[in-house]
2 protein chains.
Amino acid sequence: MARPRTFDAEEALASVMSVFWRNGFEGASMQAIETATGLNKQSLYRLFPDKRSIYLAALSRYVGEELAHADAVLSGPGSAKQRFASLFDGLIALAEKGDRSGCFLCNAATDQAQLDEKTKTLVSASLKRVEKKFRKTLAQSHPYAEDLQRREAMAGLLMAAYFGIRVMTKANAPLRLIKAAANEAVAKI
Amino acid sequence: MARPRTFDAEEALASVMSVFWRNGFEGASMQAIETATGLNKQSLYRLFPDKRSIYLAALSRYVGEELAHADAVLSGPGSAKQRFASLFDGLIALAEKGDRSGCFLCNAATDQAQLDEKTKTLVSASLKRVEKKFRKTLAQSHPYAEDLQRREAMAGLLMAAYFGIRVMTKANAPLRLIKAAANEAVAKI
DNA sequence: CTAATTGTTGACCATTCAGTCCGTAATTAC
DNA sequence: GTAATTACGGACTGAATGGTCAACAATTAG
């Protein structure tokens with residue numbers, strides 16, 4: 001009968017996710033991951049075959065959380081415009097409290113998507129899920145409910161605005177610029 | 001009398017820029033840089049004190065080129081809307097020919113801005129220059145010429161859209177989505 | 001108790017990393 | 001020719017890297 005694991009795999013993954021989110025794939029050393037999790041890397045190698053697998057698991061976890069959050073916000077009451085306002089207000093609120101950590105998905109896209117096939121696949125699939133969610137929300141309000149082309153166009157713009165604001169946040173753009181971009185994006189719905 | 005340098009420093013920097021753009025700071029090894037430039041790294045260490053300095057020089061070069069290009073496009077004939085259309089059409093054209101390399105500035109923002117003070121300063125200053133250029137262009141057309149608040153808001157949105165599309169491009173978003181986002185951003189001017 | 005199984009620990013490994021060292025090279029001034 | 005200066009080439013350095021190894025540990029079944 002096997003010896004039971006003494007750590008919680010999900011908890012460990014949450015710590016790992018923070019390290020990869022902040023440092024990127026190459027910048028996050030296994031030593032840093034050991035420190036963040038309080039585990040010996042051999043314990044992690046029991047769960048995952050290599051560093052890339054740990055990275056992908058962490059990214060998957062992040063995307064899951066981010067989409068769940070977006071879903072909650074975009075499933076709220078009101079028109080599509082109001083719901084997107086809530087989503088973008090969330091970005092403003094993060095910047096207001098000095099949170100400049102940005103978005104792990106954006107990081108993975110710019111950092112690894114063109115360098116590693118598996119990361120590319122995961123990033124690409126994640127974008128599809130975001131698009132689907134944005135279009136679904138828009139489809140619940142006029143005129144996007146009836147006009148498929150307008151819905152697709154606006155979903156595209158909102159996605160670009162969302163990711164762009166994430167980049168600008170990490171790039172230390174002033175709060176007024178982040179607010180301007182977020183509010184203007186919502187105003188155009 | 002000193003021995004003259006046998007390579008062109010600007011040419012070397014262009015090669016270095018490509019390596020850093022593609023691989024990021026951590027992922028670009030000095031060995032890869034040697035290979036790309038055809039120089040021994042000791043020759044580069046004659047020009048720059050360390051890897052970070054090389055990286056910052058490469059990023060500066062990129063920003064200079066990108067802003068010069070944007071300046072050329074945004075200084076063209078027509079309304080602000082038409083000029084931005086040209087700029088965003090450029091992004092579409094890159095995607096159309098399969099160029100998914102994205103934007104080194106975006107990469108630096110998401111990758112290094114929160115990890116290294118000098119990179120953060122350069123990235124932040126670069127964003128200011130982009131914003132200034134976008135606002136200047138908008139100020140040449142109605143109603144942005146007269147309405148400072150609208151100008152700032154639209155500049156913010158266009159910046160977010162621009163950077164967001166860069167991220168989506170690198171994230172392998174489908175061409176139709178990139179087109180939708182770019183065209184909708186311009187349509188909102 | 002032993003056997004089987006997986007988990008933990010810490011040492012170990014070969015390679016890679018950014019940077020350094022030093023002999024040789026190229027150029028001009030004298 | 002020598003001297004002075006910076007450039008080039010390739011070897012070298014200590015540390016860091018992702019991953020492996022093997023002894024010991026924890027658990028249950030029989």
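Reckoned from all heavy atoms, side chains included, excluding hydrogens, waters and symmetry mates. So you know, we letter chains A, B, ... as the sequences are listed, proteins then strands, and number each from 1.
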Taking the side chain of [X] as its heavy atoms from C-beta onward, which of [options] lies nearest to it?
X: Tyr45(A); options: dC17(C), dG19(C), dG18(D); value: dG18(D)
X: Ala2(A); options: dG19(C), dT5(C), dC8(D); value: dT5(C)
X: Gln42(A); options: dG19(C), dG7(C), dT9(C); value: dT9(C)

Practice item. Kindly say whether, by distance alone, the side chain of Arg5(A) makes a donor-acceptor pair under 3.5 Å with the base of dG7(C)? Key: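 Donor-acceptor pair under 3.5 Å: no.
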
Review point. Is there a donor N/O on one and an acceptor N/O on the other, under 3.5 Å, for the side chain of Lys41(A) and the base of dG19(D)?
Key: yes

Check your understanding: Quick one: do the Ser86(A) and Asp89(A) side chains pair a donor with an acceptor below 3.5 Å?
Key ->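 Note: Ser86(A) and Asp89(A) side chains miss the donor-acceptor criterion.
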
Practice item. Give a yes-or-no answer on whether the side chains of Glu146(B) and His142(B) include a donor-acceptor pair shorter than 3.5 Å. Key: yes

Check your understanding: Taking the six-membered ring for Trp, are Phe20(A) and Phe25(A) parallel (under 30°), tilted (30 to 60°) or perpendicular (over 60°)?
Key ->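 Parallel.
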
Check your understanding: So Trp21(A) and Phe104(A), would you call those rings parallel, tilted or perpendicular, with 30° and 60° as cut-offs?
Key ->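 Rings of Trp21(A) and Phe104(A): parallel, as their planes differ by under 30°.
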
Exercise for review: Verify the contact: side-chain N or O of Ser43(B) to OP1 or OP2 of dA7(D), cut-off strictly under 4.0 Å; return yes or no.
Suggested key: no

Check your understanding: Is any side-chain nitrogen or oxygen of Thr6(A) closer than 4.0 Å to OP1 or OP2 of dG7(C)?
Key ->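 For Thr6(A), the contact criterion (side-chain N or O under 4.0 Å from OP1 or OP2 of dG7(C)) is not met.
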
Tell me: [atom1] of [X] to [atom2] of [N], nearest whole Å?
X: Glu34(A); N: dT9(C); atom1: CD; atom2: P; result: 10 Å
X: Asn23(A); N: dA16(D); atom1: CG; atom2: P; result: 16 Å
X: Gln31(A); N: dG10(C); atom1: CD; atom2: C1'; result: 12 Å
X: Leu47(A); N: dT8(C); atom1: CG; atom2: P; result: 8 Å
X: Asn40(B); N: dG10(D); atom1: CG; atom2: C1'; result: 7 Å
X: Asp8(B); N: dA7(D); atom1: CG; atom2: C1'; result: 15 Å
X: Lys51(B); N: dA15(D); atom1: NZ; atom2: P; result: 19 Å
X: Asp50(B); N: dT20(C); atom1: CG; atom2: C1'; result: 14 Å

Point to revise | Contact nearer the 5' end of DNA chain D, comparing Gly27(A) with Pro49(A) | key: Gly27(A)

Check your understanding: Nearest nucleotide by nearest heavy atom, which residue falls closer to the 5' end of DNA chain C, Leu39(A) or Arg46(B)?
Key -> Leu39(A)

Study note, to complete from the structure: Heavy-atom nearest nucleotide on DNA chain C taken for Arg52(B) and for Arg3(B); more 5' hit belongs to Arg52(B)

Review point. From Phe163(B) CZ over to Met168(B) CE, what is the distance, rounded to the nearest 0.5 angstrom?
Key: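 With rounding to 0.5 Å, CZ (Phe163(B)) is 15.0 Å from CE (Met168(B)).
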
Check your understanding: Which part of the nucleic acid, if any, lies within contact of Ala32(B), taking any heavy atom under 4.0 Å across all strands shown: a base, the sugar-phosphate backbone alone, or nothing?
Key -> nothing

Check your understanding: Which is true for Phe7(B) with a 4.0 Å heavy-atom rule: it touches a base, it touches only sugar-phosphate, or it touches nothing?
Key -> sugar-phosphate

